[in-house]
Structures are given as C-alpha cells and as structure tokens.
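Below, chain A is the first sequence line, B the second, and so on; all start at residue 1.
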Amino acid sequence: MTRPLRTAAVFFVPVVAWACYLFLLLPSVIVFPISFGTGGEFEFPPRAFSLELYRQFFTDAAWWGAMTQSLMIALMTALATTVLGLPAAYALQRASLPGAGLINGFIMGPLLVPVIVLGLGLYLQFAPWNLLNRDVSLFLSHTMLAVPFMMISVGASLRHLDPTLENAALIMGASKPAIFFKVVLPQLKAGIAAGALFAFLISFDEVIVAYFVTGPETQTLPVKMYSAMRWELSPVIAAASTLVTVFSILLAIGIMMLQRKEKQQ
Amino acid sequence: MNAQMKPPVAPSASSPLDKEPALAHLAEPSTPNAAASDAMIEVRGLSKLYNGVAALSDVTLSVGKGEFVTLLGPSGSGKSTLLNLISGMTTPTAGKILINGTDATTLPTNQRGLGMVFQNYALMPHMTVFQNIAFPLQVRKIGKDEIRQRVMDVLKLIQLEHVADRRPRELSGGQQQRISLARCIVYNPPLILMDEPLGALDKKLREGMQLEIKRLHADLGVTMLYVTHDQDEALTMSDRIVLMRGGKIEQQGTPEALYFKPQTVFSADFIGSSNLFPGKLSKDKGGLMLRCAAGAFDVPAADGAFVAGSAAVLLVRPENIMVETPADASGRQQIAATLKDTVVLGGIVRHFLETPAGEQIIAQELNQPNRARLMRGDAVKVSWRVDDGRLLPAERA
C-alpha cells in the first residue's frame with residue numbers, strides 16, 4: 001500500500017466501522033427512550049419520561065402472561081436441551097458409533113433449514129395430532145431448534161477435554177457412569193451452562209415457529225409483540241422490547257463470561 | 001529378526017563377562033518361559049492389526065512378579081500398542097493376555113486392577129491433589145477415614161504433604177508426575193504401567209525421577225512395565241529391557257546383555273552408540289577375518305552362523321576404541337584415520353574420526369586434563385582389542 005492510501009485507510013476504516021455499528025445498533029437502542037415515554041402513542045424523543053408503559057406491561061395480563069409463558073417455555077427448552085444434547089454430544093465425540101457423521105448431521109439439521117419452512121412443517125405435523133395451541137408443541141419445536149447449539153457448545157468443551165483423563169479413571173477402576181459424572185461432567189460445567197443459556201435465549205427470542213404453533217392461550221412474548229405491532233400498534237411494545245433486549249444482553253454477557261472462564265482453565 | 005538368526009553368543013574364554021561369576025546372569029536374557037505362578041504378565045502370540053496393518057505381530061512375553069521391565073523402541077515399534085493391550089484400552093486381534101494368572105484378554109479395563117502413569121500426568125484438573133489421590137480409593141468404596149489416612153501416607157512417601165489442597169496446575173511438572181505416581185500406588189495395584197512418564201520433564205528432573213521410581217519399585221515390590229524410547233532411561237532403570245522393532249520383539253535381556261551382547265545391528269545401533277563395519281568374512285590362518293572398506297580386521301571367535309564368504313557387521317563400541325598418534329604404534333590392529341572433531345562431555349571426551357575410505361568412527365575416552373589434546377586434522381591410528389569387537393549378522397534389506 002502506498003503512503004497516502006494507508007493514511008486514508010487509517011482514517012476511513014474506523015469511520016466506516018462505526019457507521020456500521022450505529023446502523024446495527026440504532027434500531028435496538030431507539031426503543032429505549034421511547035419505552036420511557038408517557039404512554040398513549042410512540043414518541044421520539046419523548047416529551048416527558050415515565051414508567052407508564054412498564055406499568056401497563058406488568059398489569060395487562062395479555063403482556064404479562066405472554067412474558068411468563070415465554071420464560072416457562074424457555075426454561076423447559078433449556079432443561080430438555082441439556083438432558084438431550086449433553087449425552088448426544090458426548091456419545092458422538094467419544095464412542096466410535098457407526099454413522100456418527102450422519103447422526104450429527106441429522107441433529108444439526110434444523111440449523112440448515114429456513115425457520116419459516118420448519119414452522120410450516122411443524123404446523124402441518126402438529127395440526128392432525130391436535131397439538132396446536134398447546135405448550136407441548138411449542139416446547140418440542142424449540143427444543144429441536146436449540147439442541148444444535150447445546151451440541152456445539154458442549155462439543156467445543158469436549159474437544160478441550162483430554163481423553164487420557166477418562167482412560168486414567170477407567171484404569172483406576174471407575175465405572176463408566178462414575179467417569180461421566182465425576183470426571184467428564186465437572187469439566188464441562190461451563191460449556192453446559194453456556195449451551196443452556198443459548199437454548200434459553202433461542203426459545204425466548206423465537207417468533208416464527210412460535211407464530212405457527214401457538215394460539216391465543218399459548219402466545220409467547222415475541223408472538224404477542226408481533227401481533228401487537230400488526231393489530232394494535234400499542235406503545236407498550238417499546239417497553240416489552242426494552243425488557244427483552246436487556247434480558248437478552250444479560251444472558252449473552254453470561255454466556256461470554258462462561259466461555260472466558262472455560263478458556264482460562 | 002527371528003529364530004534362525006540365533007545370537008552369535010561368543011563362547012570365547014577371553015570375554016570379560018565370562019570371567020566374572022557375579023556378572024554371569026547378564027550373559028543371557030532371563031527365560032521368557034517362567035512358570036505361570038511367577039508371572040505377573042503372560043502375553044502369548046499377541047497381535048494387533050489396525051486396518052490390516054500390523055502394529056503388533058505375534059508377540060510372546062512374560063514379566064515376572066516384582067520385575068521392572070522396559071519396553072524400548074522407536075515410535076511405531078509397537079511398544080505403546082502392547083501397553084494399551086495389557087491395560088485393555090484396545091483389544092487384540094489375536095493372542096492371549098494373562099495378568100496375575102487369570103485370563104484378561106477380554107476383561108474390561110476397569111476390572112483389571114492395574115495402575116498406570118501417563119506422560120501428561122492425567123491428573124483431574126477440577127480436583128485438588130488430595131481429591132485426585134483419593135479418587136481410586138473412592139471408586140473402591142473405601143471409608144472416609146481410611147482414605148484420608150492412606151492419601152496422607154502416600155503424600156508423605158513422596159514428600160508432597162504440603163500441596164494436598166492445591167490444584168494440579170499450580171504444581172511443577174515434576175511435582176505433578178509424583179502426584180500421579182502417588183495416585184497409582186495408593187491403591188496398591190500389583191502391576192503399574194508407565195507410558196513415557198518422564199517424557200515431558202527436563203533432563204535434570206528426569207534423572208531425579210528415575211531414581212525415585214526405582215526406589216518406589218524396590219520399596220513396594222510392585223511389578224512395573226515401563227515404556228520409553230529413551231535408551232538411557234531403559235538402561236538406568238530396568239531389570240530387563242524388551243527392545244521392540246516393527247511390532248516384534250527384537251531382543252530382550254538385562255541392560256548389560258543388550259549393551260554388551262546385542263544380537264542384531266538394530267540392537268547395537270539403538271542401544272548405546274556404536275561403530276559398525278559392514279563387510280564380508282573370509283578365512284584367515286586360524287580364524288575369520290572381516291574385509292570392509294576400512295581394511296581387513298581379525299574378528300572375535302564366533303559360532304557356526306558366521307562362515308567364510310558370508311556378509312557380517314563388526315561392532316566396536318566407542319569406549320573400546322583407542323586413538324593414538326602413529327608414534328604409539330603397538331601390536332594391536334590399527335587403521336589410519338583423521339580426527340574430524342572432538343567433543344568434551346564433562347568427564348568424557350568423544351572423538352569423531354574418518355578413515356581414508358570415508359567411514360565415520362566414534363571413539364570415546366575419559367577426559368584426562370593433563371594429557372596433550374589431539375588437534376583437529378591430526379593423522380591418528382585407531383585400534384581396539386579384537387575381543388572387544390562383536391560380530392553381528394548383516395541386516396537384510
């Protein structure tokens with residue numbers, strides 16, 4: 001690179017980078033001040049600040065119910081993902097199963113299929129079984145979507161786990177379950193926790209599949225927000241967005257801290 | 001290398017070994033057909049194929065109770081495969097393994113009751129030193145008080161009581177390996193396998209650990225099977241060395257037997273440093289002579305395998321070679337050479353020489369500070385006693 005070009009680059013690269021950051025960030029950030037408006041309608045910038053929209057959010061059963069529904073489904077998804085994904089990741093990594101690649105591809109599949117297609121497929125599948133508008137269909141769909149992330153998270157931790165440790169335990173006389181619970185599991189803690197948080201976040205955030213398989217009684221917060229936008233255009237959505245964003249950021253920070261902690265080990 | 005290449009064990013009366021009754025046991029490897037009751041490990045016709053390639057082929061070996069046996073060999077020689085088969089980490093393609101008199105060929109690893117020390121220590125990073133050593137005892141459902149007592153006892157034995165509450169990563173490599181040893185001896189396995197346990201340590205520490213392992217072996221009377229590619233380690237520590245090559249046992253015997261009576265060029269070359277003169281045998285007056293690039297040498301008396309006309313290799317260890325100025329000419333057989341380089345290794349001096357035919361010769365002597373040093377480029381005479389040479393069968397390509 002010539003000298004003037006380099007000078008130009010030194011100047012422009014940060015400018016372009018910041019412009020991109022702002023472009024990505026602004027839409028999320030702009031709802032923050034709006035959510036502290038006085039209610040009634042969307043205002044930016046708000047003329048006065050209040051917690052009115054939050055009061056409405058937490059007192060309206062439709063919003064508050066959607067929130068608890070989301071939290072419950074996300075919690076169940078995180079639990080199920082851990083119970084299913086952890087042994088699957090361990091088996092695929094350690095046992096030389098025939099067709100391990102195929103099994104892995106099958107479990108990772110939902111990552112490759114467009115979510116809208118999955119949503120439609122699940123809708124068509126659950127409809128004849130009479131499972132639409134039920135918690136179980138939502139829970140199953142979200143678990144399917146989140147398991148790959150648990151597999152990735154635990155798989156990364158497993159790759160750092162020295163198999164000699166398991167061999168050493170085996171030679172010392174430990175049974176396979178004892179090795180899993182006393183040698184493997186304690187060392188995967190951070191990876192499992194990160195995977196569970198991921199799963200929680202994916203379920204908590206997910207709108208497309210939830211839109212297909214939920215009904216009025218099982219509506220999650222993102223679905224409620226989506227329909228509020230289409231039918232009511234209520235400013236409470238700003239408060240809901242802020243809550244979801246802050247909550248997601250906290251979870252993401254938690255995941256990052258867990259991953260850093262694991263790297264240090 | 002197999003049976004028809006029987007060792008050219010020289011029955012020469014002048015062999016220094018034969019004169020010393022105390023060293024008589026060195027002459028021959030201990031018999032591999034020990035009675036089953038005396039053997040800790042009996043391996044019979046053991047083979048292991050990986051995708052059709054033999055990592056170990058038809059190995060038969062017996063390790064006596066309380067013996068310290070080293071599996072020595074370059075990488076890919078099958079020593080680790082043999083160890084993994086004995087530990088049960090892999091299953092043999094053919095053959096039988098008996099441990100302590102019982103057939104263990106298909107016994108799961110965790111029921112073999114063995115101990116093992118790994119090169120990378122294999123300590124559990126999430127446990128303290130105490131918890132690490134207590135682990136095999138907890139697996140055996142031993143009571144809390146007894147565990148505490150036994151763990152503290154072994155920590156005392158290795159003089160590391162003060163680190164009981166630390167994590168392995170807070171310790172040095174040498175300390176970690178001692179903890180790993182302690183974790184092994186705490187449950188008194190009758191057989192301890194060691195897979196290059198000192199490979200990750202520096203030289204000074206390694207020598208200290210060699211002595212410590214020897215001491216534990218002597219104190220505990222446990223059987224040890226030790227894998228290494230380091231010949232010095234094997235020579236220092238073993239009761240018996242099993243030298244492996246290409247999935248087979250090349251030669252086994254005491255360290256002295258392997259050093260002084262190698263049966264093949266590979267053994268001679270792998271253990272200690274050596275000067276090898278490949279050539280052809282011919283009849284001369286009373287005995288045989290070897291004609292090679294460097295000249296014609298009298299060779300030590302050998303058994304019937306070596307006849308005039310056959311190819312053979314003469315081995316002379318560097319410490320048996322004398323380097324003199326031409327003026328010192330005496331009655332020994334000599335060849336002319338030029339001094340290429342001299343390396344001083346503390347108490348030992350190593351000379352690197354070249355014959356007019358271009359052959360490299362290494363000579364080694366004790367460092368005598370008050371003697372005139374030879375200079376690089378000096379023309380010298382190289383000689384050895386005929387009996388210090390050893391005739392080996394030529395390597396087959």
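A 6.0 Å sphere centred on OH of B/Tyr50 holds more than 12 heavy atoms belonging to other residues, nucleotides or ligands. Residue B/Asp145 qualifies as open at atom CG: its count of foreign heavy atoms under 6.0 Å is 12 or below. By the neighbour-count criterion of 12 heavy atoms within 6.0 Å, atom CE of A/Met257 is sparsely surrounded, having that number or fewer from other residues, nucleotides or ligands. Within a 6.0 Å sphere centred on CZ of A/Phe126, other residues, nucleotides and ligands contribute more than 12 heavy atoms. Within a 6.0 Å sphere centred on CZ of B/Arg148, other residues, nucleotides and ligands contribute 12 heavy atoms or fewer. Few gaps surround CG on A/Leu250; more than 12 heavy atoms of other groups in view lie less than 6.0 Å from it. Counted within 6.0 Å of NZ on B/Lys214, heavy atoms from surrounding residues, nucleotides or ligands total more than 12; the atom is thus considered enclosed.
Residue B/Phe135 comes nearest to A/Val183 through the heavy atom pair CZ-CG2, 3.9 Å, listed as atom of the first residue, atom of the second, then distance. Taking all atoms of both residues into account, the shortest heavy-atom contact from A/Leu165 to B/Leu123 is CD2-O, 3.3 Å.
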* side chain to side chain contact (heavy atoms under 4.5 Å, CB included) evaluation trace for B/Gln119 with A/Thr164 -> CA-CA 10 Å; B/Gln119 179 171 10; A/Thr164 343; over 6 Å; no
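For A/Lys182, the parts lying near chain B are the backbone and the side chain together; criterion is any non-hydrogen pair under 4.5 Å. Using a 4.5 Å cut-off between heavy atoms, A/Ala178 does not touch chain B at all. Using a 4.5 Å cut-off between heavy atoms, A/Asp162 touches chain B through its side chain atoms alone.
Side-chain contact between B/Arg183 and A/Met172 is present, with at least one heavy-atom pair separated by less than 4.5 Å.
For B/Asn110 (side chain) and A/Ile171 (main-chain N/O), no donor-acceptor pair under 3.5 Å exists by modelled atom type. Looking only at distances, no side-chain donor or acceptor of B/His126 sits under 3.5 Å from a matching main-chain atom of A/Val184.
When B/Met124, B/Met116, B/Gln111, B/Arg167 are compared by the number of non-hydrogen pairs under 4.5 Å with chain A, B/Met124 comes out ahead.
Interatomic distance, A/Asn167 CG to B/Ser87 OG, rounded to the nearest 0.5 Å: 7.5 Å.
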